[in-house]
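Here is the structure we will look at.
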Amino acid sequence: MKNSIIIIFLLSIFFIQAQNDQKIAFGPYIQQMSTKDATLCWSTIEGESTITFPKGKTDTIRSYKQHKIHLANLKPNTKYAYDVLNDGSDEGKGILTTFPDKSIPFNFVAIGDSRSRHDVHAKIVKKIQEKNPRFVINSGDLVGNGLSIKDWEAFFKVNKEFMKNTPYYPVLGNHEKDSPYYYDFFDLPNNERYYYFTVGDALFIVLDSEGLRTTVPAYVKGDKQDQFWYDSGIEYLKTQKIWLENVLNLNKDAGFIFVFQHLPLYSVKKSRVEESKMARKFWGDIFFRHGVQVFLNGHDHHYHHAIDNGVHFITAAGAGAPLYKVDAPQPETVNYKEIEHFINVEVNKDTAVLHVIDIDGNEFDTIEIKRRNTK
Ligand SMILES: [Fe+2]
């Protein structure tokens, strides 16, 4: 009798453990939001592997299984409660709000380089939650190393509550390393590398400044390495430029156009000024010609605002990576600050206002842009 009680007890532990393995590890979170559709994503733990280092130290690394549900035939500008677990707990519950099909006021948040200081990232996310944005867009370097699952574990832990209710749009940064994890975890329009979406009559375009992951062979030495990088990436960028031109032509009636990529076009970090000038040369007058109002990027870990030909070029990369000093302000520079921050953008009928807010919630810069003249 005593033995059978012990067996039942052990079986219950096993059963509870099996249930826990089905519990959500990452998410749930919202992708591909539109006026009628949305995708719910979450991950469960699939397995664990152990790696032993040369000196005998071991580490356990988890693998995850991705789950995805596409919701269709939703109503515009409507809140839906969802539950991807249906187990009576709050674990799988969230609220999604579809995008409006009319031009009504809304706000979104832009951040960049959340990367490695998780305490800073968590504080920024908490401040963003107070603004209740329709969505957030992260201009790249979401994690320190995109190939490390432990970095993604930290990212999803910080964003767990926030991402349940707020669609998250990522941009590829150099630290993502073109990792398969990025494409597994996010469900994005187009080819997932560069894409666009709309909210009301505002257009949001995401570019990929990083290109395909290329390894320079060991036999390419010295100065030839830069040439190798250039030659391997240029065709990819040219294809993207044709795509961008098409997207801007297709959407010439948009009231507001925001473009995002990871690398700056106006760097104020001495060691990167030349590289940003090269990038400007590549894109030419495309942003001016099409009346893009705001170009937002990451990579340089500070806040910087430049204006050129009426276009606002903004670096907003203060969501967690160590801050950089501004040591080379440019003729186009209007403002800069070495501080952790995010931008809450309020899009109204005739104007959009960019509220630049520090980690303590203080607004330290405000930029107002006017609706594009589309008549
Ligand atoms: Fe970067």
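We count ligands from 1, going down the list as the structure has it; atoms in each ligand are counted the same way.
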Inset, instruction - Specify the closest pair of heavy atoms between N138 and D113, including all atoms of both residues, with the distance to one decimal. - result: OD1-N, 3.7 Å

Legend entry - Cut-off under 2.8 Å, centre the Fe ion (ligand 1), protein N/O/S atoms: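 Protein N/O/S atoms under 2.8 Å of the Fe ion (ligand 1): D141 OD2, N174 OD1, H262 NE2, H299 ND1.
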
Legend entry - Partner set under salt bridge (charged side-chain N to carboxylate O under 4.0 Å, His left out) for D327, not counting sequence neighbours: none

Return a table of donor-acceptor pairs under 3.5 angstrom between the side chains of residues 256-265 and protein atoms on other chains or two or more places apart.
residue	atom	partner	partner atom	Å
Q261	NE2	L263	O	2.8
H262	ND1	S139	O	2.9
H262	NE2	D141	OD1	3.4
H262	NE2	D141	OD2	3.1
H262	NE2	N174	OD1	2.9
H262	NE2	H299	ND1	3.1

Inset, instruction - Sequence neighbours left out, what passes ring-ring contact (aromatic ring centres under 6.0 Å, His included) with H290? Give chain and number order. - result: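 H290 satisfies ring-ring contact (aromatic ring centres under 6.0 Å, His included) with no residue once adjacent residues are dropped.
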
Legend entry - Exercise: do E153 and Y64 side chains pair donor with acceptor under 3.5 Å: yes

Legend entry - Under 3.5 Å side-chain donor-acceptor pair for Y236 and D208: yes

